[in-house]
Structures are given as C-alpha cells and as structure tokens.
Amino acid sequence: MNSKIIAELAGVSRSTVSRVLNNYPDISPETREKVLKIIKEQEYYPNVSAQKLAGKRSGIIGLLVYTGESSIKKGEYKKITESLYYSELISKIIDAAEKLGYLILVSYINKKNTSWEKIFANGVIDGAIVISGGKKYKEIEKLINSKNKIVLLDYEKRIDGKNVTTINSNHFEGGYKATEYLIKNGHKKILHITGEIRRKASILRAKGYLKALEDYSINEKNIIVGRFNQESAREIINNYIKNNLNFDYTAVLCGNDYIALGVMKGLKENGIKVPEDVSIIGYDNMELCEFTTPQITSVNHLDEDIAEKALVKLVNILDGKKEKSENTNIKIIERESVKNIIK
C-alpha cells in the first residue's frame, strides 16, 4: 500500500494525499475526511524515511530509560519489569503521547546498550523523553551533548537549553515533607531506611529527613542504608530487632515503596503491627501502595500530569521554542499506614 493507491481510491492526486497527511489548511473538510477514511480503512502508514528526507517529522518520540543496576542479578542492569515505578511511568507517557497523536519507541540507555545513537542517527524519532532514574550518568551526559532534542525526567541537575530541558523532583523537599508529616502525627522516634546512598536522590531525601528533625528540635536520628528492594528492607528490620532485642522506633521513613513493603513484612514476622505499633511512609506512590494491608501512605514526587508536561515541553522544543526546567510538586498521599499518636 502506498500514497498512489490511496490517491486513486479517493479520486484525488498524490499531492493532495500528502497535504492531508501533513495537515495543510488548504484542503476542504470533505476531501480531508474522505482521504483519512480511506487511509484508516486501508491501514496505510506513511514511510518514515521518506518523510525524514523531505524534512518532515516521523511522529515518533523515543522513550529512553536508564534503570540502574539490577536488584535481582548483581552486575546486570535492571529490566523495566523489575520496577513498577518505571512500568507505571512508561504507561502514562505512552497513553499521553497517543492522545497527542504520537507513537512511542521505548529503549534502554546504559553501558551495554547505546541504541539511542542509532535511533537518532537513522531519523526514526523526532526527539526523546529520558527517564534518568535520578542519576547523573555519563551515557546521559553524552546524550545531552549530542544536540538531539530531549526532555529529561528526574535528572540530577537543572538544564535550560535550546535542545534540552528537565523536569525534576525536589527530593530534599520530599524527604523533609515525609518526615514532617510523621512528626505532625506525633512521632519523634523516626528511622530512615534508604537504598543506595550514592544516588543524589537518596542523599537529598536523607538531608530533608535530617533538616526536618532539626527544625522540630528532635535530636534522635538514624539512617540505615540498604538497597531499593523488599528483601533488603526485610533483612534490615530482622537484623535490627535481633541485635537490639526490640524495635524502639514509632515510625519509619522508607526510601521507596518496595522498602516500605519489606519493612512491613519484617515487622509482621516479629509480631509488630502497622500502624498500631509502628507507622510507615513510602516514597514514589506506586500502585502497589493501594493493594497492601494496610494501604501504604507514600510521597508522590511526580506530578499527576507529568507525562503530559514532558510531551508538551518536547513538542515545543521540536517547534524551535526554548523550554525552562521545572520542579514537580511534592504531595503526601495519605492512606492507612501512619497512625496519629498525639495524646
């Protein structure tokens, strides 16, 4: 199937078909409707390479994901299926792109896979949204300096450029607000369990935790470093209780929702109830929070319309407009895992 056959079926010229596909305004509504109806019926898709040669957009946006090291297989990179955080965010971006008339091509970006260079070089995509995992990484730096048009989500720094911009989470504020929320519910003995502390996002959350304690004149503090998965958190709880013979905190600030789930399991194994005995707050606000017992209160550090925001910024960049970087809004999503102990 090609544009010549579409033109013959519609009784118009090939140039008219082309003008309909490229949304030229000088086509009558009747002709446009007729051509689009035949295109849909014949399941015709324009040749991307030919469009690129003509200086036109492909209508395809890349979604490049840096996942970091696997929590399951040491020395390997995490698969998207290992984390609901990535799969949920990717799903939102795909749905939002469809509403705007774009297709999404998903690929990894890491040491073992530099396919983004081929994708851009071959003209397959117009631009890309990059999920950076909150980490400054040399492959992403290379992408930023490539002059390709991109929007970075949750990157380590703000960037305002002609071809690139960022939408970042304020993880210091996230750590602060989560701790403050626990304090305002009467908790003064608050443990913070985090994942890999080498990540800037982890460091900022920990600093937010410490600053909130300082601002509320709470001297007792403790940060335990593990990994961003359930089993690591479960082991931390079990080891703490084994070494200390009890659990002397009334609340736990968790580095992500997987850690929160692991903490709940560890406490349950030791006969400690959530939230009756210990309150828990997670981070990331993944869907799993709604399917636990009790449901997990969590920090939402990405705006509800983060996908739409990223796509609009990228389309504006593609149109030659300069976009400014921005931070997302931090919000505590209250559920059932935090108990108010103010007497």
Decide yes or no for [X] and [Y]: does some side-chain heavy atom of the first lie under 4.5 Å from some side-chain heavy atom of the second?
{"X": "Lys309", "Y": "Ile167", "result": "yes"}
{"X": "Val338", "Y": "Pro275", "result": "no"}
{"X": "Val17", "Y": "Ser13", "result": "no"}
{"X": "Ile131", "Y": "Asp154", "result": "no"}
{"X": "Ile193", "Y": "Ile237", "result": "yes"}
{"X": "Thr194", "Y": "Phe228", "result": "yes"}
{"X": "Val252", "Y": "Ile281", "result": "no"}
{"X": "Ile330", "Y": "Tyr176", "result": "no"}

[X] side-chain N/O to [Y] backbone N/O, donor-acceptor pair under 3.5 Å:
{"X": "Lys331", "Y": "Asn300", "answer": "no"}
{"X": "Asn270", "Y": "Ile272", "answer": "no"}
{"X": "Asn168", "Y": "Tyr155", "answer": "yes"}
{"X": "Ser169", "Y": "His301", "answer": "yes"}
{"X": "Thr179", "Y": "Ala212", "answer": "no"}
{"X": "Ser232", "Y": "Arg227", "answer": "yes"}
{"X": "Asn222", "Y": "Leu191", "answer": "no"}

For [Y], is there an ion pair with [X] - N to carboxylate O distance below 4.0 angstrom?
{"X": "Glu33", "Y": "Lys37", "answer": "no"}
{"X": "Lys177", "Y": "Glu180", "answer": "no"}
{"X": "Lys313", "Y": "Glu326", "answer": "yes"}
{"X": "Asp95", "Y": "Lys99", "answer": "no"}
{"X": "Lys339", "Y": "Glu276", "answer": "no"}
{"X": "Glu220", "Y": "Lys189", "answer": "yes"}

Step-by-step side chain to side chain contact (heavy atoms under 4.5 Å, CB included) determination, Ile39 to Ile6: CA-CA 7 Å; Ile39 287 172; Ile6 296 295; 3.9 Å; yes
Ile125/Ile61 under side chain to side chain contact (heavy atoms under 4.5 Å, CB included): CA gap, chis, key distance, verdict: CA-CA 5 Å; Ile125 59 177; Ile61 288 174; 5.9 Å; no
Arg205 charged N/C atom sitting above Tyr283 aromatic ring, 6.0 Å / 45°: yes
Aromatic plane relationship, His192 with Tyr209 - under 30° parallel, 30 to 60° tilted, over 60° perpendicular: tilted
Under 4.5 Å between side-chain heavy atoms, hopping through other hydrophobics if needed: is there a path connecting [X] to [Y]?
{"X": "Ile224", "Y": "Leu204", "answer": "no"}
{"X": "Leu261", "Y": "Leu182", "answer": "no"}
{"X": "Val225", "Y": "Phe172", "answer": "no"}
{"X": "Ile259", "Y": "Tyr181", "answer": "no"}
{"X": "Ile296", "Y": "Ile332", "answer": "no"}

Residue pair Arg158 / Ser325, side-chain donor-acceptor N/O under 3.5 Å: yes
Check against ring pair (Phe, Tyr, Trp, His ring centres under 6.0 Å), Tyr108 and Tyr66: CA-CA 6 Å; Tyr108 291 105; Tyr66 176 75; 9.9 Å; no
Rounded distance [0.5 Å steps], CG in Asn256 versus CE in Met286: 5.5 Å
At their closest point, which heavy atom of [X] faces which heavy atom of [Y], and how far apart are they?
{"X": "Cys254", "Y": "Val263", "result": "SG-CG2, 4.0 Å"}
{"X": "Val20", "Y": "Arg32", "result": "O-NH1, 3.8 Å"}
{"X": "Ile140", "Y": "Leu152", "result": "CG2-CD2, 3.4 Å"}
{"X": "Val12", "Y": "Val35", "result": "CG2-CG2, 4.1 Å"}
{"X": "Val274", "Y": "Met264", "result": "CG2-CG, 4.3 Å"}

Pair Tyr249 and Tyr240, ring centroids less than 6.0 Å apart: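 Between Tyr240 and Tyr249, which both carry aromatic rings, the centre distance is below 6.0 Å.
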Side chain to side chain contact (heavy atoms under 4.5 Å, CB included) between Arg14 and Lys4, intermediate numbers included: CA-CA 6 Å; Arg14 289 183 70 178; Lys4 183 180 179 182; 3.8 Å; yes
Side chain to side chain contact (heavy atoms under 4.5 Å, CB included) between Thr16 and Thr31, intermediate numbers included: CA-CA 9 Å; Thr16 298; Thr31 300; 3.9 Å; yes
Positive for side chain to side chain contact (heavy atoms under 4.5 Å, CB included) with Leu153, one of Val65, Leu63, Ile306: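 The passing option is Ile306.
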